[in-house]
Every structure is written in structure tokens, then in C-alpha cells.
Protein chains: 2
Amino acid sequence: MNPGDLTEAVAAVLAAVEGAEGRLAPKKRAVIEAALLCFAETGYAATSTRSIAHRAGVAEATIFRHFGTKADLLLRLVRPVAARLIQPGLVEAQEIFAETEGNLEAKIARMMKARLAFADRYAPLVRILLQELPVNPELHGLLQDSVIGGLVRFLDIALGEEIAQGRLRPIPAPRFLRILASMLIGYWIARSMVAPGDWDDAAEIDVMAGLLARGLKP
Amino acid sequence: MNPGDLTEAVAAVLAAVEGAEGRLAPKKRAVIEAALLCFAETGYAATSTRSIAHRAGVAEATIFRHFGTKADLLLRLVRPVAARLIQPGLVEAQEIFAETEGNLEAKIARMMKARLAFADRYAPLVRILLQELPVNPELHGLLQDSVIGGLVRFLDIALGEEIAQGRLRPIPAPRFLRILASMLIGYWIARSMVAPGDWDDAAEIDVMAGLLARGLKP
DNA sequence: CATGATAGTGAGTGCTTACTCACAATTTGA
DNA sequence: TCAAATTGTGAGTAAGCACTCACTATCATG
């Protein structure tokens, strides 16, 4: 998959929002699309409703007819992706961890590849999240509950088993998650925001997963 | 040092700006202080010049007398720290790498501790940078040139020596830097933005440095 | 003490902002 | 088929925005 494919990423977000809001009126759909791209490019605060309306080919009033306020528009873009797609993504990660044959390194690498594909699939939304999280406490809580909590609970069990069987030195799940997430997000930012170009995802992830697994051997 | 000490962090930034601008008129100093905190808390775009003036106890016109525009105010906060303090910080990192006795792990750990202390010293400015970098290309170039470029050049040599002597498996300097920086920034965000509280910096850094060093052994 | 420069401000300016509302067009369902 | 609901809009509105300007107060220095 082409990591920079915006059309597909926009379609994925649209599908998620449609799941939460029911069938979308055509201009409502256009507003979502335009807002998604504007927010991702310029940031929420620096994007005017006028510019969204212009990009969507819609009257400004149409935005407020469908979304009430600008803040609500943002939330109704972000929430469906968080609620309907990150949670199932967690299940996917659990399955990978359970099913993948081979050592810890292979499991970590597969998990990271799946999460990277997810971030690409919803690239503009990931950008919005990265920009807004530091200043928007509402989004903060949204992620804390639905994503981090679930992942830590899962990792607590999965890592516990590995540690019990002597394949992993003891490490608290939050720390493991923090380090893994830092490396993955850092890579995603480098590859798709700082220096877009030729990157070998598989190779880079294998390096990071190998580093983690080898570094955590007993 | 107390990582959350805002007074000291503000004083450090003020000193850096004073170095670039000469002795500061009292109200100019107040504006810098207020702007720094407002931008860090709310983000650049969402901060109004009125709110800065109010916080500084100053007329709004005073801001424009001293800084011309809001965009210029931001740049003149960020640039001195980038130019006068990050570059010498690089030298410091080089010295640590050259002087520290012991293995690679100890060197990496000392470098990371020094960088973490730096981030704490200029905490509000680091927050501003993290928020504005994705949407402000001007800051982008500022960091790319003065920080990343220099660090990569230095690491190219330092790592090259370690690799030549068989103490490190071959790894390109940018990748090494990316992974190390990701872990460190990820830790800083977790500790001072996501979940402030009791963190054992030394222990956490030792884990990360150990992971890196062990993971990169030949 | 006179003088020019610097520091500081209250009262604006024109423009942009998020948002409203009366009204028209279209779609829906009984 | 026709009324009710939904979708869409042009023309506003008040508040807020970054920024200007004429003017005063302070201050260093010949």
C-alpha cells in the first residue's frame, strides 16, 4: 500500500464517520472531507470555517447546520475512528500476538507493521491527533481510555507469560508500551512528515523490533 | 533539579532571549514571559495577543512596539534557545561521548540524561516546539539545520569508531539518532505532559540506554 | 537643563471569526 | 399526493482578531 495515498485515507475516515452518523448528506460528506484535510494541514485552531466551506464547495452555514460548532466538527471526525477502529485494532494486535509463530521479535515486528498500516490508513487523522493532543484535553481522555488502557491490560498478560517462561526480562507493561510506541510514532513522523521519500518499512521495523527483543532478553 | 520548575525554565529562556536582544525593558521582559507560557499552554494559533498583554499586565500595543508582529514574537522566543543553547548542547554531548569512561551504554545514558535536563530547563519552549513543528515550516528549517545536521555529523564519526572496533553492529547515524530521540522525547512527553507524577529518571534512562546498547551489540 | 531617543499606552482601525436566521429546494413517508 | 422533515444557503451579526497611531512619560547624555 502506498503510505501517502490520501484518497484512501479520506475514504477510510468517511466510512468510520458514516458508521457513527448514518448515511451522510452529500454536502455533509464534503464538509467532513475538507475539514479533515484542512485540520491536518494547518491545525485546528488556525483553520477557519470559511476555508473549510470554500474547500468543500459549500456555504459556511452548511457546516453549522450539520455540526453545530467547529469544536463539534473536530470531535465527530476523531471519535468514530477512535471508538470503532482503534478498539478492533487492539483485538487485531492480540490475535497477532497469540497466533504468530516464532519468537518475541517476530511478534513485535508483526504488531508494529499492523499499527503502521493503521496509521497510514488514517494518516490525516493521525496528524490531527498529534497536533491537537497537547492542547485538547478532551481528545486526551478519549485516547487514554479507549487505547492506552486496553493495550496495557493486554500487554500485562502477554508479557507476563513471556516473563514467566524466562523468555523476557521483567518489564512493566506501561514502560514496554511507551518505548515501543515512541519508536513507532517517531518512525512514522520521520517517514511521513519530516523526510518523506524512500523508506523500507519492513527493514526499519525489523531493526526496531530486533532491538527491543534483543535488549529485553534475560 | 525539579523537572516541573516553571520559574527556572522561564528564567532560562529569558536569559537566552536577553543574550540575543540586549538588555530587556521591563515590560518587554513581561511580554516574553507571558507569551512563553500562553503559547505553551494553549498553542500559538489559539493564543490571542490580547491574552498575552493581559497576562503580562501590559497594553496590547506594547507587544507590537517591541515585536512588530505575533509571528515575530514566536520566532524571537524560539530562535535564541535554538541558536545559543542547542548548539553548545551539542558540544556538551560530544564531550560526554569522548570523556565518559566505560562502555557504550554508559555514554548513551549520560548523553540522554544531559538532553533530558536540557528539555526540563526549557520546558515551556519544548512544548511550544512540539506543538508548532508540524504546522510551522519556518521552525522546521531552524531545527533541521542547527540541531539534526550537527548531531548526525557527530554521530557518524562517533558511531563509526565503535563499529570499526567491533563494539557495535553497523547502523546508520540517522537511524540511531531517530530511535534514541524517539525514546527520549516519548519519555519526556509521558513524564511531563501525559502522566506527571513520580518518575525515576535515572532508572528509566538506564533501561532505555541499556536496551539500545544491548540491542546493538554485534 | 535642554534634547533626542526610548518605553509605554488608550483609543481606535479594518478585517476576520464563529455562528444565526429566515427562507428556498429537495426528499421522505403516510 | 401532499405535508412534514431534511438539506442547503445568502445575507447578515456581534465579538474578537492582529495591528496602528497620536500622544505622554521616562530617561540617558551633551
Side-chain angles (χ1 to χ4, degrees), chain A residues 14 17-78 128 131-132 135-136 138-139, chain B residues 14 17-78 128 131-132 135-136 138-139:
Chain A
L14 271 167
V17 177
E18 192 159 20
E21 312 234 347
R23 228 162 63 66
L24 301 169
K27 303 257 168 169
K28 186 174 182 183
R29 173 179 288 262
V31 168
I32 294 170
E33 214 173 309
L36 184 72
L37 296 172
C38 285
F39 289 157
E41 285 165 17
T42 332
Y44 169 77
T47 299
S48 64
T49 50
R50 179 201 281 219
S51 72
I52 296 172
H54 188 260
R55 187 167 194 162
V58 145
E60 219 176 327
T62 306
I63 296 174
F64 296 96
R65 155 126 324 217
H66 287 296
F67 297 96
T69 68
K70 187 187 165 193
D72 218 48
L73 171 58
L74 174 69
L75 266 181
R76 281 155 74 184
L77 286 185
V78 173
I128 294 173
Q131 284 171 45
E132 284 308 306
V135 287
N136 193 330
E138 203 156 359
L139 298 184
Chain B
L14 272 166
V17 177
E18 192 159 22
E21 312 235 343
R23 227 162 63 67
L24 300 170
K27 304 255 167 172
K28 186 174 181 179
R29 172 179 289 262
V31 168
I32 293 171
E33 216 172 308
L36 185 71
L37 296 172
C38 284
F39 289 158
E41 286 165 16
T42 332
Y44 169 77
T47 300
S48 64
T49 50
R50 177 201 282 216
S51 73
I52 296 172
H54 188 259
R55 185 167 195 162
V58 145
E60 220 177 325
T62 306
I63 296 175
F64 296 96
R65 155 135 324 239
H66 287 296
F67 298 96
T69 69
K70 186 186 164 193
D72 218 47
L73 171 57
L74 174 68
L75 265 181
R76 279 154 77 183
L77 287 185
V78 173
I128 294 173
Q131 284 171 45
E132 284 309 305
V135 287
N136 193 328
E138 203 157 357
L139 297 185

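In what follows, chains are A, B, ... by sequence order, proteins preceding strands, each numbered from 1.
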_Nearest-angstrom distance from the residue atom CD1 of Ile52(A) to C1' of dC19(C)_ = 13 Å

*Positions of residues 21-38 of chain B (non-hydrogen atom under 4.0 Å from DNA chain D), listed by number*: none

*Mind calculating the distance between CZ (Phe64(B)) and C1' (dA18(D)) to the nearest angstrom?*
5 Å

*asked:* Checking contacts here: which listed nucleotide (dC19(D), dT9(C), dC19(C)) is nearest the side-chain heavy atoms of Val58(B)?
replied: dT9(C)

*Side chain of Lys27(B), backbone of Ala59(B): donor and acceptor closer than 3.5 Å?*
no

*Rounded distance (Å) that lies between atom C1' of dG16(D) and atom NZ of Lys70(A)*: 13 Å

_Rounded distance in Å - CG (Asp72(B)) to C1' (dA18(D))_ = 14 Å

*Would you say the side-chain atoms of Gln131(B) pair up with the backbone N or O of Ala40(B), donor to acceptor, closer than 3.5 Å?*
yes

*asked:* Is the phosphate of dC17(D) approached by Ser48(B) (side-chain N or O, under 4.0 Å from OP1 or OP2)?
replied: yes

*Let me know the distance between CZ of Phe39(A) and C1' of dA18(C), rounded to the nearest Å.*
12 Å

*Specify the separation, in whole Å, of atom CZ of Arg65(B) and atom C1' of dT6(C).*
8 Å

*Expressed in angstrom and rounded to an integer, what is the separation of Leu74(B) atom CG from dC19(D) atom P?*
12 Å

*Please tell me which of Gly68(A) and Glu60(B) maps to the more 5' nucleotide of DNA chain C, matching each residue to the nucleotide holding its nearest heavy atom.*
Glu60(B)

*Residue that, paired with Glu18(A), satisfies side chain to side chain donor-acceptor pair (under 3.5 Å) out of Arg23(A), Lys28(A), Arg29(A)*: Arg29(A)

*In whole angstrom, give the distance that lies between atom CZ of Phe67(B) and atom C1' of dT6(C).*
15 Å

*Should Leu139(B) and Ile128(B) be marked as a side chain to side chain contact (heavy atoms under 4.5 Å, CB included) after you check the CA-CA gap, both sets of side-chain angles, and the distance that decides it?*
CA-CA 10 Å; Leu139(B) 297 185; Ile128(B) 294 173; 5.5 Å; no

_Non-hydrogen atoms of Val17(B) and Arg76(B) that approach each other most closely_ = CG2-O, 3.8 Å

*Examine distances only and state if a side-chain atom of Ser51(A) and a backbone atom of Thr47(A) form a donor-acceptor pair shorter than 3.5 Å.*
no

*Between Ala61(A) and Thr47(B), which has a closest nucleotide on DNA chain D that is more 5'?*
Ala61(A)

*asked:* OP1 or OP2 of dT6(D) versus the side-chain N and O atoms of His66(A): is any pair under 4.0 Å?
replied: no

*So, for Thr49(A) and Phe64(A), which heavy atoms are closest and what is the spacing to 0.1 Å?*
CG2-CZ, 3.6 Å

